[in-house]
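To keep things clear, I will list the structure first and then write my remarks on it.
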Amino acid sequence: MKYWLVKSEPEECGIDDFVAAGAGSIRWDGVRNYQARNFMREMAVRDQVLLYHSSCKHIGIAGVIEVAVAGYADPAQFDPESPYFDPKASVDNPRWTAVDMVLVEKWPRLVGLDTLRASADHLKDFKLIDKGARLSVMPVLPVHWAFIQSLR
DNA sequence: GCCAACGTTGGC
DNA sequence: GCCAACGTTGGC
């Protein structure tokens, strides 16, 4: 089993959307960056994922979700009505990947980016805390995963 | 709203 | 293949 982190704007899809979905899964789609997509292709069912809230008032890790359905062609890329439509993608030759995720646990309080940065000694090479980090899907080392769990 | 970081596009 | 221009991300 692997560990990951995904970013989302909570108004788009945050931890409360997963709470509302209960045992139901939510499609994680719209990723349009190759490095992030390649990581999504590596995801397997039951991989554990930190859900990070970005571009909002309370920035940080809000809880844990897990992979319910491994990577498949993101339907939005074929839909001209979708903001994620990609005219260069075709059903025969899809370009982008979606996975389905389900709630594991909403944390009692958010672990803020400031807290993570204050723990930089424990989070060496954790790209999330780098200035200007834009990657929206990234792997998390088991040692980092364990440390972040201790902050919740 | 600003702006740094950085990925993508397209002319050459 | 280079690189300037442009667009997006995301913290502040």
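Side chains included, hydrogens not; waters and symmetry mates left out as well; all remaining heavy atoms used. Quick note on labels: first sequence line is chain A, next is B, and so on, each numbered from 1.
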Have [X] and [Y] got a donor and an acceptor in their side chains that come within less than 3.5 Å?
X       : Y       : value
A:Asp79 : A:Tyr84 : no
A:Arg27 : A:Tyr72 : yes
A:Thr97 : A:Arg41 : yes
A:Trp4  : A:Asp47 : yes

Q | Residue-level proximity of residues 87-98 of chain A to DNA chain C when a heavy atom falls under 4.0 Å | A |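 The answer is none.
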Q: Could you run through nucleotides 3-12 of chain C and give me one letter per nucleotide, 5' to 3': B if any protein heavy atom sits under 4.0 Å from the base, S if only the sugar-phosphate is that close, - if neither?
A: ----BBBBSS
Q.
If you compare all heavy atoms of A:His53 against all heavy atoms of A:Ile15, which two are closest, and at what distance to 0.1 Å?
A.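 A:His53 and A:Ile15 have their closest heavy atoms at NE2-N, 3.1 Å.
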Q. A:Ala23 and A:Val102: which non-hydrogen atoms are nearest, and at how many Å?
A.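 Heavy atoms of A:Ala23 and A:Val102 come nearest at O-CG2, 3.5 Å.
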Q: Mind checking salt bridge (charged side-chain N to carboxylate O under 4.0 Å, His left out) for A:Arg109 and listing every partner two or more places apart, or none if nothing turns up?
A: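 Partners of A:Arg109 by the salt bridge (charged side-chain N to carboxylate O under 4.0 Å, His left out) criterion come out as none, since no residue qualifies.
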